[in-house]
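Everything on this sheet refers to the single structure shown next.
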Amino acid sequence: MDDICFLSAKSIAELIRRRQVSSQEVVEAYFERVDEVNPSLNAIVRTDRDRAIGQALDADNVLRASDTVGPLHGVPFTVKDNIETEGVVCSCGTEGLRNNVPSADAIVVSRIRHAGGILIGKTNVPELGMGYETHNRVYGRTNNPYDLTRTCGGSSGGEASIIASGGSAVGICTDGGGSARWPAHCCGLVGFKPTTGRTPKIGHVPPPGGMLNSLWQISVMARYVEDIPLCLNVICGRDAEDPSTEAIPLELSEIIPVKQLRIAYFMDNGIVSPNTEVSDVVQTCVDQLASSGAKIVKDRPPAIDKSHEIYYRLMSSDGGLGVRDLLKSWGTQEIHQYTQLSLDAQNGRGIDADGMAGLMNEWDLFQRDLNKFSQEYDAIICPVSTSPATMHGDTYTNQKYPGFAEMFSYMMTFNLLGWPCGTVRAGTSQNGLPIGIQIAAAPWQESIVISILKHLESIEGWARPAL
C-alpha cells in the first residue's frame, strides 16, 4: 500500500470509486507514511487519526450503498494551521493560540469534506503565517524533504514538506506573497493561487478583511497538476458570508493546446537576478513551449520592477502596529525571532492618510499597466524565485528588509495583481534540489495557467525524495 501514497488525489479517488482499494486502507497507509517521515520533517503538527479512520469506514459504507459520491470521496487531505478545522487546534504558529480549538470548519474545509475528503492533519506555518520559512515557538522548525538542512519555504511550508514526502494527497493552504508557490518551488510540487475573489476566506486566522484583503487567496498544493482543477472545482465559488467572493464560472474541463497561446517570458524582473540554474530552467521551459508551437516572445511587463517596493510599503504601512496588536489580543507573550525581525523591519515605516492615498494610487497604476500588458499575451512565464531552497535562516540573514527579501518579488507581483498563477517542478539543481517555473495569466484565466503547467510537468514534475 506504500505506493498509493504517491499517486495523485484524482487517481486515488478513482481507485476508491471502483472499489479497487478502500478508503480505510488509503487513510491508514497515509498515517503510516506520516509516522515514517514526520519525525524528520516536523511538517504535520496535529493529526486527527481516530476521527479520520472512522470517517474512512463511513466512506466505504456509503460507497457500498451508492455509486454517487463526491469527487474526493475517501481521499486524505491536510490543511495549513492558519485555516480553521472543527475540533482540531488551529494555532497559526503563535503561543497565544496554542490551545485554540475552532467550533466550525473554514468554508473551504467544509467544501472539501462535503466532496468526500478526509482530514488527516494540520501542517506547520511560520508565526501568524507571515514568513518565508516555517518555524515558530509552538511547534518548531519544518525541514525540506530533499535536504533537511534547507527550508521547505513558507508560509505553507508544512503542507509542501508533507505532500512532497507522500504524507498527504493534497493540501489546502494560502498565498499572500508566494506562500503556496515558494514552498512548492522548494519542495518540487505544484502550487496554485487562484484569481482574487475565487475562494472564500471565512475561517482564516487572522480573519479576512481590510484594505490588503485582495493580496491573498486560499490556495492549493499537490504533487500533480491534475489535482489542482480537481480541488479548485470544489473550493472555489461565491459564498454569502464572504463579500469578496465572485460568482464567475470556473471552466477547467478542457486542457488548452499550447500551440494556441501567445506567451511572454522574462528571466530578470529588474529587481534581483536569478542564479544560472534558475535561468536555465526557464530557458528549457521556453524552448519546450516554442517547439510545441506556442508563440513565445521575450517581453518583460512595464513597471514590474516596482513590485517589491509597492508590496513592502503596503505591508509596512502601519509600521507593524496591526500585527503587534493582534498578537497582544491573542495573549502571545513571546514571539518568534523571525516575526521580530519582520516587525523590526517595519518600524518607522508607517505612513499617514495622505501617504496611504498616494500608495494606493501607485498600486492602482501598477495594476493598470500590467493589466494592459496582459491583453497582448495569454500568459507570462518567469522564475518563481532567484534560487532553489535556501539553507535554514538564510532568507532572514543579511537582508535589507528581513522577511521581505527581494528574491520573493517574482511572486509578489501576481499577488499585487490578483492574477491566477502557479508553479510546477521543471528542473533540478546540481545538489539535487527542485526548481520550479512560474506561470501567470490575466484574471479568471485559471484554465490557461493549468494548461501550461500540465504541459511543462512533462519536463520533470514531482519526484519522490529519498527520505
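A quick note: this is a predicted structure, and the numbers were derived from the prediction, not measured. This chain uses plain numbering: 1 for the first residue, then up along the sequence.
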If you measure from [atom1] on [X] to [atom2] on [Y], what distance do you get to the nearest 0.5 Å?
{"X": "Ile44", "Y": "Asp81", "atom1": "CD1", "atom2": "CG", "result": "11.5 Å"}
{"X": "Cys231", "Y": "Leu252", "atom1": "SG", "atom2": "CG", "result": "11.5 Å"}
{"X": "Ile112", "Y": "Ile118", "atom1": "CD1", "atom2": "CD1", "result": "12.5 Å"}
{"X": "Ile248", "Y": "Trp444", "atom1": "CD1", "atom2": "CH2", "result": "3.5 Å"}
{"X": "Ile83", "Y": "Ile218", "atom1": "CD1", "atom2": "CD1", "result": "4.0 Å"}
{"X": "Cys187", "Y": "Leu189", "atom1": "SG", "atom2": "CG", "result": "6.0 Å"}

Which atom of [X] lies closest to which atom of [Y], heavy atoms considered:
{"X": "Ile163", "Y": "Gly171", "answer": "CD1-N, 3.4 Å"}
{"X": "Ile16", "Y": "Gly74", "answer": "CD1-O, 3.4 Å"}
{"X": "Cys236", "Y": "Thr199", "answer": "SG-CG2, 3.7 Å"}
{"X": "Val37", "Y": "Leu467", "answer": "CB-CD2, 3.8 Å"}
{"X": "Tyr410", "Y": "Ser273", "answer": "OH-CA, 4.1 Å"}
{"X": "Thr423", "Y": "Val384", "answer": "OG1-CG2, 3.1 Å"}

Have [X] and [Y] got a donor and an acceptor in their side chains that come within less than 3.5 Å?
{"X": "Asn371", "Y": "Gln375", "answer": "no"}
{"X": "Asp175", "Y": "Asn415", "answer": "yes"}
{"X": "His392", "Y": "Asn143", "answer": "yes"}
{"X": "His455", "Y": "Ser292", "answer": "yes"}
{"X": "Tyr139", "Y": "Arg46", "answer": "yes"}
{"X": "Ser447", "Y": "Glu251", "answer": "no"}
{"X": "Ser409", "Y": "Asn269", "answer": "yes"}

So among Thr85, Val88, Ile120, which one has a side chain to side chain contact (heavy atoms under 4.5 Å, CB included) with Val79?
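It is Thr85; the other options fail the test.
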
Matching residue for Ile452 among Ile437, Ile381, Leu289 - test: side chain to side chain contact (heavy atoms under 4.5 Å, CB included)
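Single pass found, and it is Leu289.
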
Contact between [X] and [Y] at the side-chain level, heavy atoms closer than 4.5 Å - yes or no?
{"X": "Leu7", "Y": "Arg223", "answer": "no"}
{"X": "Met211", "Y": "Ser317", "answer": "yes"}
{"X": "Lys80", "Y": "Ser155", "answer": "yes"}
{"X": "Trp419", "Y": "Thr413", "answer": "no"}
{"X": "Asn233", "Y": "Leu250", "answer": "yes"}
{"X": "Arg150", "Y": "Cys186", "answer": "no"}
{"X": "Lys10", "Y": "Glu14", "answer": "yes"}
{"X": "Met407", "Y": "Thr390", "answer": "yes"}

I need the full list of salt bridge (charged side-chain N to carboxylate O under 4.0 Å, His left out) pairs touching residues 431-443, with sequence neighbours left out, sorted by first then second residue.
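Qualifying pairs, neighbours excluded: none.
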
Salt bridge (charged side-chain N to carboxylate O under 4.0 Å, His left out) contacts touching residues 124-141 (sequence neighbours left out)
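Sorted pair list: Glu95-Arg137, Arg137-Glu334.
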
Return the set of residues passing side chain to side chain donor-acceptor pair (under 3.5 Å) with Thr134 (not counting sequence neighbours), or none when no residue passes.
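For Thr134, no residue satisfies side chain to side chain donor-acceptor pair (under 3.5 Å) once neighbours in sequence are set aside.
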
The criterion is side chain to side chain donor-acceptor pair (under 3.5 Å); which residues satisfy it with Asp299, sequence neighbours excluded?
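Applying side chain to side chain donor-acceptor pair (under 3.5 Å) to Asp299 gives Tyr377.
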
Any chance you could lay out the side-chain contact (heavy atoms from CB on, under 4.5 Å) test for Tyr30 and Val26, step after step, and finish with the verdict?
CA-CA 6 Å; Tyr30 269 93; Val26 172; 3.8 Å; yes

Determine yes or no for a side-chain-to-main-chain donor-acceptor pair under 3.5 angstrom, with [X] supplying the side chain and [Y] the backbone.
{"X": "Asn136", "Y": "His336", "result": "no"}
{"X": "Tyr132", "Y": "Gly177", "result": "yes"}
{"X": "Glu446", "Y": "Thr195", "result": "yes"}
{"X": "Lys201", "Y": "Asn213", "result": "yes"}
{"X": "Arg181", "Y": "Ser385", "result": "no"}
{"X": "Glu457", "Y": "Val225", "result": "yes"}
{"X": "Thr196", "Y": "Ser214", "result": "yes"}
{"X": "Ser156", "Y": "Ser179", "result": "yes"}
{"X": "Asn38", "Y": "Leu41", "result": "no"}
{"X": "Ser316", "Y": "Tyr312", "result": "yes"}

Within 45° cone and under 6.0 Å: Arg425 NZ/CZ vs Tyr146 ring:
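The answer is yes; both the distance and angle limits are met.
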
Check salt bridge (Lys or Arg N to Asp or Glu O under 4.0 Å) between Asp105 and all other residues, then give those that pass, not counting sequence neighbours.
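Per chain and number, Asp105 pairs via salt bridge (Lys or Arg N to Asp or Glu O under 4.0 Å) with Arg113.
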
Do the rings of Tyr338 and His135 sit parallel, tilted or perpendicular, given the 30° and 60° boundaries?
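Perpendicular.
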
Classify the ring geometry of Tyr311 against Phe404: parallel below 30°, tilted from 30° to 60°, perpendicular beyond 60°.
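Rings of Tyr311 and Phe404: tilted, 30 to 60°.
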
Criterion side-chain contact (heavy atoms from CB on, under 4.5 Å) on Thr94 and Ile335, from CA distance to verdict:
CA-CA 7 Å; Thr94 193; Ile335 63 176; 5.5 Å; no

Let me see the working for Ser307 and Phe414 under side-chain contact (heavy atoms from CB on, under 4.5 Å), right down to the final yes or no.
CA-CA 9 Å; Ser307 299; Phe414 303 111; over 6 Å; no

Tell me which donor-acceptor pairs under 3.5 Å the side chains of residues 257-265 have, and how far apart each pair is, sequence neighbours excluded?
unit_1	atom_1	unit_2	atom_2	d
Arg262	NE	Glu376	O	3.2

CD (Gln20) with more than 12 external heavy atoms under 6.0 Å
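Atom CD in Gln20 is packed in, count exceeds 12.
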
Check the pair Thr284, Gln288 against side-chain contact (heavy atoms from CB on, under 4.5 Å), reporting the backbone distance first and the verdict last.
CA-CA 6 Å; Thr284 296; Gln288 210 280 345; 5.5 Å; no

Give the intermediate values and the outcome of salt bridge (charged side-chain N to carboxylate O under 4.0 Å, His left out) for residues Asp369 and Lys306.
CA-CA 11 Å; Asp369 288 343; Lys306 298 178 182 177; 5.8 Å; no

